Participant: 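Sending over a structure as structure tokens; questions will come in a sec.
Keep in mind that this is a model prediction, so the values were computed, not measured. Values reported hereafter were calculated over all heavy atoms of this structure, with side chains retained and with hydrogens, waters and symmetry mates removed.
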Amino acid sequence: VPCFVDNGEEMRWCPLVDAWSALHLDVLYGKVMRGSPQPLRRWLWQLWLFCWFLAVHLSLPVPVKATAVLGAPISAKEGEGAAELAVRVRAGLQATIDKQRPTRGRSFLRGLWQRWQSADSECSPSKG
């Protein structure tokens, strides 16, 4: 069963990582790292991992509504190899994601809007 968490990435916002990516410093750092000799490249990689670890832990929580979404079950066909099954599972997961969230990428505003809509529906008096 293909499944994913809608708004899972929007639950935390890391301004340092977003700024780093927006300025394309990740691409520049990758070019510098690939162009460096092997001993320096290993040290630069370790520095990158350490900085990434610190930056991710300085993330800010965002109160979005996270929802687990389950797709249609996928069963292996008789005589089907692992590669073919993996392709079908990947296609099924992508179809489930595309159906649930028509726009690609992170959207903090959409996640917050869904959170507020669900809070409003929970607080409104039920008619009966």
Side-chain angles (χ1 to χ4, degrees):
V1 175
C3 62
F4 76 101
V5 178
D6 192 23
N7 294 328
E9 292 182 12
E10 287 84 354
M11 293 176 70
R12 297 179 66 98
W13 177 56
C14 184
L16 295 174
V17 172
D18 280 354
W20 181 266
S21 296
L23 296 172
H24 299 287
L25 295 175
D26 51 347
V27 175
L28 178 64
Y29 192 83
K31 288 179 181 178
V32 168
M33 208 169 75
R34 284 188 295 276
S36 300
Q38 185 59 33
L40 182 59
R41 187 181 308 168
R42 175 171 274 168
W43 185 82
L44 287 172
W45 178 250
Q46 293 299 320
L47 177 66
W48 169 255
L49 289 177
F50 179 73
C51 291
W52 181 265
F53 178 80
L54 289 179
V56 169
H57 283 82
L58 294 175
S59 298
L60 302 171
V62 180
V64 298
K65 180 181 180 183
T67 308
V69 180
L70 301 175
I74 298 174
S75 300
K77 296 177 181 175
E78 193 168 327
E80 182 178 36
E84 294 88 10
L85 179 60
V87 168
R88 286 195 315 117
V89 168
R90 183 180 178 116
L93 176 60
Q94 192 59 52
T96 303
I97 292 171
D98 292 342
K99 181 180 175 186
Q100 181 66 24
R101 38 172 34 188
T103 58
R104 294 200 174 228
R106 293 181 301 171
S107 176
F108 293 103
L109 291 176
R110 183 178 60 83
L112 289 170
W113 180 252
Q114 289 174 349
R115 176 64 160 188
W116 289 326
Q117 283 182 331
S118 68
D120 285 345
S121 67
E122 290 172 2
C123 295
S124 63
S126 62
K127 297 180 182 180

Participant: Check for a donor-acceptor pair, side chain of S21 on one end and backbone N or O of D18 on the other, with a separation under 3.5 Å.
Facilitator: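 Answer holds: no.
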
Participant: Between W13 and V17, is there a shared hydrophobic cluster once you connect ILVMFWY residues whose side-chain heavy atoms come closer than 4.5 Å?
Facilitator: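 They do not share one cluster, since no chain of ILVMFWY contacts under 4.5 Å joins W13 to V17.
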
Participant: Minimum heavy-atom separation for A72 and P2, please, with both atom names.
Facilitator: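 Smallest interatomic distance, heavy atoms only, reads O-CD, 3.1 Å.
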
Participant: Take L58 and L16 through the test side-chain contact (heavy atoms from CB on, under 4.5 Å) and record every step on the way to the result.
Facilitator: CA-CA 8 Å; L58 294 175; L16 295 174; 4.0 Å; yes

Participant: Should L23 and V56 be counted in the same cluster of Ile, Leu, Val, Met, Phe, Trp and Tyr side chains packed under 4.5 Å apart?
Facilitator: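 Cluster IDs for L23 and V56 match.
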
Participant: Calculate, to the nearest 0.5 Å, the distance between atoms CG and CH2 belonging to L25 and W20 respectively.
Facilitator: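 Between L25 CG and W20 CH2, I get 5.0 Å after rounding to 0.5 Å.
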
Participant: Could you tell me which non-hydrogen atom of G71 sits nearest to which non-hydrogen atom of V1, and how far apart they are?
Facilitator: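 Where G71 meets V1 most closely, the heavy atoms are O-CG1, 3.5 Å.
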
Participant: Test side-chain contact (heavy atoms from CB on, under 4.5 Å) on I74 and L85 and set out the steps.
Facilitator: CA-CA 9 Å; I74 298 174; L85 179 60; 4.2 Å; yes

Participant: Side chains of V5 and T67, heavy atoms from C-beta outward: is any pair under 4.5 Å?
Facilitator: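 Answer no - side chains too far apart.
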
Participant: Please check if the side chain of Q94 supplies one atom and the backbone of A91 the other of a donor-acceptor pair under 3.5 Å.
Facilitator: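 No; judged by distance alone, with no hydrogens or angles, the pair does not exist.
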
Participant: How long is the straight-line distance from CG of L54 back to CG of L49, given to the nearest 0.5 Å?
Facilitator: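 Nearest 0.5 Å value for the CG-CG distance: 11.0 Å.
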
Participant: Considering all heavy atoms of both residues, which atom of S36 and which atom of V32 are nearest to each other, and what is their separation?
Facilitator: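 That closest heavy-atom pairing would be OG-O, 2.6 Å.
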
Participant: Just by modelled atom types, is the L44 backbone N or O under 3.5 Å from a matching donor or acceptor in the Y29 side chain?
Facilitator: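 A pair under 3.5 Å: yes.
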
Participant: side-chain hydrogen bond (donor to acceptor under 3.5 Å, both in side chains): which pairs involve residues 45-58, sequence neighbours left out?
Facilitator: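 Counting only pairs at least two positions apart or across chains, no side-chain hydrogen bond (donor to acceptor under 3.5 Å, both in side chains) contact touches residues 45-58.
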
Participant: Report yes or no: does R41 contribute a side-chain atom to a donor-acceptor pair with the main-chain N or O of R34 at less than 3.5 Å?
Facilitator: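 A pair under 3.5 Å: yes.
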
Participant: For E80 and R88, run salt bridge (charged side-chain N to carboxylate O under 4.0 Å, His left out): C-alpha distance rounded to whole Å, both residues' side-chain angles, the deciding distance at 0.1 Å, then the answer.
Facilitator: CA-CA 11 Å; E80 182 178 36; R88 286 195 315 117; 2.8 Å; yes

